[in-house]
Amino acid sequence: MASTNPARGMRDFLPADVRKRNYVIGIIKQVYESYGFEPLETPSVENLETLMGKYGDEGNQLVFKILKRGEKLDLANATTESDLSDLALRYDLTVPLARVVANNKNDLPKFFKRYQIQPVWRADRPARGRFREFYQCDVDCIGSESLVVEAEIISAASHILSKLGFKDFEVRINHRGLLGKMVADAGIENETDALVALDKLDKIGAEGVTKELVERGISEASADNFLAAVNGNTSNDDLDAVLAMCSELRVKIDPSLARGLSYYTGTIMEIVLTDGDFKGSIGGGGRYDGLIGMFGKEQIPACGFSLGLERILVVMEERGMFPPEIAESTPADVMVTIWSEETIADSLKLANELRSQGLRVTLYPEPDKLGKQFKYADQIKVPFVCILGESELAENKVTVKNLKTGEQTLCPTSEISAIILGG
RNA sequence: GCGGCUAUAGUUCAGUGGUUAGAGCGCCUGAUUGUGGUUCAGGAUGUCGAGGGUUCGAAUCCCUCUAGCCGCCCCA
């Protein structure tokens with residue numbers, strides 16, 4: 001038998017999951033729009049050449065490539081990857097944005113402030129809180145080199161976390177220029193290796209980082225110099241300016257913050273929870289003044305931030321942070337039963353009357369024993385059941401039962417919504 | 001990509017070479033032909049992940065594959 005599991009690293013979202021996701025996405029949209037960011041959507045699929053070379057070597061490996069189709073797919077004579085694949089699923093939302101900006105410069109305002117909440121795909125190995133298809137919630141501001149952009153983006157992301165109920169979190173910032181200088185001053189040639197090792201400082205400590213630097217072929221003297229620089233005077237004008245504009249927020253300079261994506265050029269930032277046992281960032285971003293220029297046109301400055309929806313959801317689930325109306329939501333306010341074949345039309349009519357009174361109404365889909373119908377109502381957690389049986393029809397009334405209290409009322413149709421909304 | 005662990009009913013798991021593979025939960029039926037959530041009685045459900053091997057005999061031992069989990073790597 002074929003497996004009924006979704007494909008590796010992919011997930012089905014059952015109704016309860018979707019409600020929680022929509023709740024979080026709703027707040028993210030609302031906050032981004034309150035800062036004047038506009039929505040953008042781009043295709044799931046990009047041309048392979050659009051994505052390749054934008055994320056570093058590791059990133060290139062993780063791009064989800066799509067096999068060529070029809071006559072273009074010539075397996076017998078294929079010798080390179082580009083003979084087999086010409087498209088790929090998008091790896092993040094930033095590179096597609098850069099492509100859109102490069103392609104639509106004349107139609108976009110001088111400063112393009114957009115948000116985008118869509119899934120991205122990575123051919124990664126799935127782990128806890130890590131999937132092959134996951135949503136990112138990006139905000140970016142295109143066209144300005146001003147550090148006001150950084151400040152505002154940090155503010156928006158902080159705002160969202162507060163509104164979702166997070167209390168202990170902080171934004172850590174660093175600067176690619178500062179990192180590059182420290183690496184060069186220490187006499188280290190391979191900047192990527194140095195940064196990857198440095199990024200683990202809070203996890204494995206100074207000794208661990210030194211060890212890893214040496215393992216990556218960097219001399220012990222250089223490694224020590226590098227770490228000394230990180231712990232020494234790390235002042236940077238850009239970072240100081242951002243800090244000054246974010247005085248109301250919890251922002252901290254973290255000289256060990258590196259971030260993997262290769263397209264960042266200036267400020268880099270990450271948002272982390274400082275309470276509980278969730279390690280790792282739940283969002284990050286930075287300035288990428290060179291990326292849009294990689295599409296061969298004008299060089300345009302840009303800066304953005306991405307919140308990881310899945311990680312936010314994992315933590316909110318573990319901590320029970322969803323409001324009761326989301327956590328205990330029901331598909332309908334009331335369920336209408338069907339007494340018999342002969343009364344189907346009456347039940348259909350009743351359901352529609354209740355809908356026109358503003359209620360969410362679910363109809364039991366077939367005549368059945370009342371016990372079965374109640375059991376189903378209980379299972380889907382609707383709070384009220386309407387019974388329209390022979391005796392009710394004879395009186396032109398409906399029995400309404402409150403499933404929580406067990407209370408039952410016989411009343412005309414017109415009074416039902418008052419009972420349900422009042423109860 | 002590397003290392004370790006796991007795969008048995010819808011689900012969580014027990015079963016370490018010997019009849020017909022079990023349990024909890026869930027599901028179905030009835031007690032209750034106009035009333036759920038509680039209770040009681042009864043019932044159904046399996047390619048024991050796939051393929052091969054050892055054996056008189058394999059869910060159990062061996063090999064291969066596949067999938068999942070944990071750690072490393074990397075990342076949101």
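No experiment lies behind these values; they were computed from the predicted model shown. So that the names make sense, note that chain A is the first sequence line, chain B the second, and so on, each numbered from 1.
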Non-neighbouring partners of A:S329 that pass side-chain hydrogen bond (donor to acceptor under 3.5 Å, both in side chains), sequence neighbours left out: A:R19

A:E310, nearest nucleotide to its side chain (from B:U35, B:U29, B:A76): B:A76

Per atom distances to the A:F374 side chain, the nearest of B:G37, B:A76, B:U35 is B:U35

Nucleotide of B:U35, B:A76, B:C74 approaching A:R122 most closely (side-chain heavy atoms): B:A76

Strand partner of B:G42, provided both Watson-Crick or wobble distances fall under 3.5 Å: B:C28

Atom CG of A:L195 and atom C1' of B:C73 are separated, to the nearest Å, by 17 Å

Just one of A:V31, A:I28, A:I312 clears the side chain to side chain contact (heavy atoms under 4.5 Å, CB included) bar with A:L161, so which one? A:I312

Are A:K200 and B:C73 close enough that a side-chain N or O sits under 4.0 Å from OP1 or OP2? yes

Kindly assign one of parallel, tilted or perpendicular to the pair A:Y115 and A:Y32, based on the angle between their ring planes and the thresholds 30° and 60°. tilted

Out of B:G34, B:C28, B:G30, minimum distance to the side chain of A:K369 belongs to B:G30

All N/O contacts under 3.5 Å from nucleotides 2-7 of chain B to the protein, with atom names and distances to one decimal?
from	atom 1	to	atom 2	distance (Å)
B:C2	N4	A:R125	NH1	3.1

Are OP1 or OP2 of B:U32 and a side-chain N or O of A:K372 less than 4.0 angstrom apart? no

